[in-house]
Amino acid sequence: MTVIINGNRTELPQDVVTLRQLAQWESIPDHGTAIALNGKLVKSDTWAVTNLNDMDNLLVISAAYGG
């Protein structure tokens with residue numbers, strides 16, 4: 001399956017079918033990260049039950065810490 005992550009086409013492994021699996025595969029942290037799927041924000045507590053489809057468009061934003 002192919003998805004678009006922050007404007008980049010990404011081919012996913014066959015076993016990555018949910019947002020949670022994608023986050024684990026891409027090493028995306030739960031805390032401090034927002035993911036929008038096709039323009040709609042998805043809460044991290046529902047990532048495990050949010051299925052991905054071919055050509056889904058994802059926007060991943062992670063908070064930056066520092067000062």
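All heavy atoms count here, side chains included; hydrogens, waters and symmetry mates do not. Since the structure is predicted, the reported quantities are computational estimates derived from the model, not experimental observations. Start at 1 with the first residue, then count along the sequence.
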Applying the side chain to side chain contact (heavy atoms under 4.5 Å, CB included) criterion to L19, which one of D56, N51, L58, I28 satisfies it? L58
Identify the two heavy atoms, one from V60 and one from N6, that lie closest to each other, and give their separation to 0.1 Å.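 Closest approach of V60 to N6, heavy atoms only: N-OD1, 2.7 Å.
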Nearest heavy-atom pair of M1 and N53: which atoms, and what distance? SD-C, 3.4 Å
Given 3.5 Å as the limit, does a donor-acceptor pair link the side chain of N38 with the main chain of N57, or not? yes
Would you find a donor on one side and an acceptor on the other, under 3.5 Å apart, between the side chain of Q21 and the backbone of V17?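 At least one qualifying donor-acceptor pair exists.
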To the nearest 0.5 Å, what is the distance between [atom1] on [X] and [atom2] on [Y]?
| X | Y | atom1 | atom2 | value |
| --- | --- | --- | --- | --- |
| E11 | D54 | CD | CG | 7.5 Å |
| I35 | L59 | CD1 | CG | 9.5 Å |
| R20 | L52 | CZ | CG | 12.0 Å |
| D15 | W25 | CG | CH2 | 10.0 Å |

Restricting to side chain to side chain contact (heavy atoms under 4.5 Å, CB included), what partner residues turn up for T46, sequence neighbours left out? V42, K43, V49, T50
If you group Ile, Leu, Val, Met, Phe, Trp and Tyr whenever their side-chain heavy atoms sit less than 4.5 Å apart, what else falls in with I4?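 So far as hydrophobic clustering goes, I4 is joined with M55.
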Taking only residues two or more places apart in sequence, or in another chain, which ones meet Q14 in a side chain to side chain donor-acceptor pair (under 3.5 Å)? none
Worked check of side chain to side chain contact (heavy atoms under 4.5 Å, CB included) between T10 and L22: CA-CA 11 Å; T10 304; L22 172 72; 5.9 Å; no
